[in-house]
Structure formats: structure tokens, C-alpha cells
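Quantities reported herein were computed from a predicted structural model and do not represent experimental measurements. Order of listing sets the numbers, starting from 1, for every ligand and every atom in it.
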Amino acid sequence: MHTARAGAVLTVDLAAVRANWRLLQTTVGKAACAAVMKADAYGLGMDMVAPALADEGCRVFFTAHLEEGMRLRPLVPADSTIYVLHGPPPGATAEFVGYGLIPVLNDPAQIADWRAACRRHQQRLPAALQFDTGMSRMGLAPVDVDRLLADPVWKDEFKLMLAMSHLACADDAEHPMNRAQRERFAVLRARFPGIPGSLANSSAVFLGPDYHHDLARPGAALYGINPHPGKDNPLRQAVGLRARILQSRMVQAGDAVGYGARYVADGPRRIATIGIGYADGWLRFLSGRGHAYVDGLSVPIAGTVSMDSITLDVTGIPEARVAPGCEVDLLCAQQTVDDVAREAGTIGYEVLTRLGSRFHRQYL
Ligand SMILES: *Cc1c(COP(=O)(O)O)cnc(C)c1O
């Protein structure tokens, strides 16, 4: 059986991903809703996720790297637009043209390269521009925009498809940065009349229509991550994870469990070992603090998370239910990606994108 060959089964609910995209598209109303596919669709598998969203009607996709864009191209309809967020690496124009990818130009050097490429190809090749409105990560500073506009020849060289920026604090609806960035974006956009604009990531989709512009770019929300942690999640969970019990044993008072002997039983306890570990993205930080679920009942991680296994304290669960071969839930209705993130001191994005490559994958 598949679950016996791999240590755990990762279930990706494509119907949930599709429903999440539909909700996002409905929420942004007249704006278009893209789908961010970087990091293998946040670990869920771009091969399966991209065609499902295309089937749902999505026609704009984003990747971070050129290579991701090249992998994505054959997975989506020919009339789809694929933006590459990190822009063109030197010497890669032919790949953008050949694969029909559109670079996001983030700095003057990328703009200069793209303009030179257009002259060489004698074509007005499409590109997007990203402005930095307060995150200081990617994008043109206002002075770069001044220089570009001072030399209007660029308009004859490349075809500007999209003006975009990215919010630093969209997951915190009350944060003053949201409004400040939106206002800076409005000022910059006004300098490129008639060009479609895009500001919203997942969280910003839920900040209201002032953030929607012409195109929203959600990633995390498609995959069920809560856009505003701490509030009700409007999205459907898209991943489940079940691991198999490899061994089940009683320990007695004074017996140690796991590396570093960091768990010592204070009395008779039943310990179940499951076949998933930090090499599968179940963070070692969850040692002694994370949980798994057996039929909806919480069982704590006992001791240190190993590379390929985790020991759980399953005392009190009927023995037959925690025998070798039985399964326990790690991502389920009782424990979402956001719940795991909270226990692991991180965000749902990191939990999802770290999920390993050794799981048996099932797509629903
Ligand atoms: C990753 C990314 C997104 C998607 O962000 P989510 O928070 O996952 O919705 C959108 N835009 C840019 C520039 C990004 O880097």
C-alpha cells in the first residue's frame, strides 16, 4: 500500500484551491485575479495546481524565477500571461521570448537590459514595472522612475503591461503602512496613465476595493492560509497530512525518549513513533511543543523531532488505534497550517513551502 512505502500521505484538495480562487476572484470584483505559482505552488505542486486554476478561468500567473516560468508555460493555456517577478537575468531574453514570459523589471539595470533586448530583437517586448513603495526589497525607487520618464524613448522600445508594487504589512489590516504604500503607489501610477496596476497579495484582497486595482496577485490564500491570522479564515483548507505509526511501545517512569533524552517519562506512557521528521519540513522547533491528532484527539510530540521520525505521547488512546500501521493526522480539520505555524514560531507560508518531497501525494 502507498502509505507503507512513504512515511506520510499529503493530500492536496484541488477543489478547495479552485474554490479559494473563485472566492478571491469574486472578492476583487471587476479586477482580474491572478495566481502566484512560485515555490512549486507553495509546495502543493504546480503541475497539478496550475492546470486546475486555468480550468477555473485563471489566465494570469506569477512565478519568482525564470526557470519556474519555463516549467509553468506548458501547464497553462497558450493565451495565459505569465509574469516572472525577479525579472530577466542577464542573457535570458531569448527564453522570455521563446516561452512567452513577461519579466517584472525591478531596477534600472533590468530596464536597460530589456530595452537593449528589444532593440536587438527589433520588437516591442512586453514587461511589467515594479515600484518600491516602502518595503525596500524589489522595485524602482522614485528617482529611478524620474530617470525613466525623462527619457521617453523607452515607450517605443518595450511595451509596458503592468505597474505593480507589493505591501509589507497587508496581513495586519490596521497597519498604517498599508495606506501609506497605497498612496505612494497611486502617485507613481499616475505617472503611467492607462497602464493596469497591481498591488494586492492575498491579505490585501481582503483590505477592500481600494487595494484591488486591475489585477490581484494572491498566492497563500489559494492554498488556504489565513490572510489575517487571528480572524476567521474565509478560505478552505487545501492540504491534509497523515503519517503512519511505525512503532508503538510502553515506557516507564525515568525512561528517556528521543535525541538528547529531552523527554523523560514521569510514569507509564505509550509512545508512538511516526515516519515523518524535520527532513520532511516538520520543524525541529516543534520538539516537545507540537501536536498530532488521532481521530480528532490531540497527542503531544514527546521529545526531539528526528530527521525521519517523531515520537508522540499517545497515552490514553486505545492501543489498537495506535498500533503500527495506524495513521495519525498532522494537518487536518483540528490542526491547520496556521495552527502548526503558530506552534512552530513561523507563518503558514513557511510550513507549506517546507513540506518535503518524500510524501506520497494524493490530489483530490
Ligand atoms: C509572493 C508574492 C505574492 C503573493 O503573496 P501572498 O501573500 O502569498 O498572496 C504577490 N506579489 C509578490 C511580489 C510576491 O512576491
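- Classification of Asp214 and Arg189 as a salt-bridged pair holds, one side-chain N sitting under 4.0 Å from a carboxylate O.
- Ion pairing between a basic and an acidic side chain is recognised when a charged N comes within 4.0 Å of a carboxylate O; Asp255 and Arg269 show no such pairing.
- A donor and an acceptor atom, one from each side chain of Tyr263 and Asp313, are located under 3.5 Å apart.
- For ligand 1, the polar-atom distance check finds an N/O of Tyr349 within less than 3.5 Å of one of the ligand's N/O atoms.
- Comment: Arg179 does not engage Asp210 in a salt bridge, judged by the lack of any side-chain N to carboxylate O separation of less than 4.0 angstrom.
- Close approach to Ala220 involves these atoms of ligand 1, each under 4.0 Å from a residue heavy atom: 6 (P), 8 (O), 9 (O).
- Looking at Lys38 against ligand 1, only its side chain comes within 4.0 Å, counting heavy atoms.
- Residue contacts with ligand 1: Pro218 is placed with no nitrogen or oxygen under 3.5 Å of a nitrogen or oxygen of the ligand (distance criterion only).
- Contact atoms of ligand 1 toward Arg137: 15 (O) (distance under 4.0 Å to a heavy atom of the residue).
- Gln237 contributes atom CD, which lies 8.5 Å from atom CG of Asn20 (distance to the nearest 0.5 angstrom).
- The proximity of Ile225 to ligand 1, defined as any non-hydrogen pair under 4.0 Å, does not occur for either the backbone or the side chain.
- For ligand 1, the polar-atom distance check against Gln130 finds no nitrogen or oxygen pair separated by under 3.5 Å.
- The N/O atoms of Ala221, backbone and side chain alike, include none that comes under 3.5 Å of an N/O atom in ligand 1.
- Screening Arg184, Arg182, Gln181 against Thr133 for a side chain to side chain donor-acceptor pair (under 3.5 Å) leaves a single residue, Gln181.
- A 4.5 Å side-chain heavy-atom check between Ile111 and Asp144 finds every atom pair outside the cut-off.
- Taking 4.0 Å as the cut-off between side-chain N and carboxylate O, Lys231 and Asp171 do not count as a salt-bridged pair.
- Residues His291 and Glu343 bring a donor and an acceptor atom of their side chains to less than 3.5 Å of each other.
- The backbone and the side chain of Asn201 each have at least one atom closer than 4.0 Å to an atom of ligand 1 (non-hydrogen atoms only).
- Of all the heavy atoms of Tyr42, the ones lying under 4.0 Å from any atom of ligand 1 belong exclusively to the side chain.
- The residue Met37 has no part lying near ligand 1, judged by heavy-atom distances below 4.0 Å.
- Given atom 11 (N) of ligand 1, the protein heavy atom at minimum distance is Arg217 NE, 2.9 Å.
- Nearest to atom 9 (O) of ligand 1 among the protein's heavy atoms is Ser202 OG, 2.5 Å.
- Heavy-atom distances between Met135 and ligand 1 stay at or above 4.0 Å for every pair.
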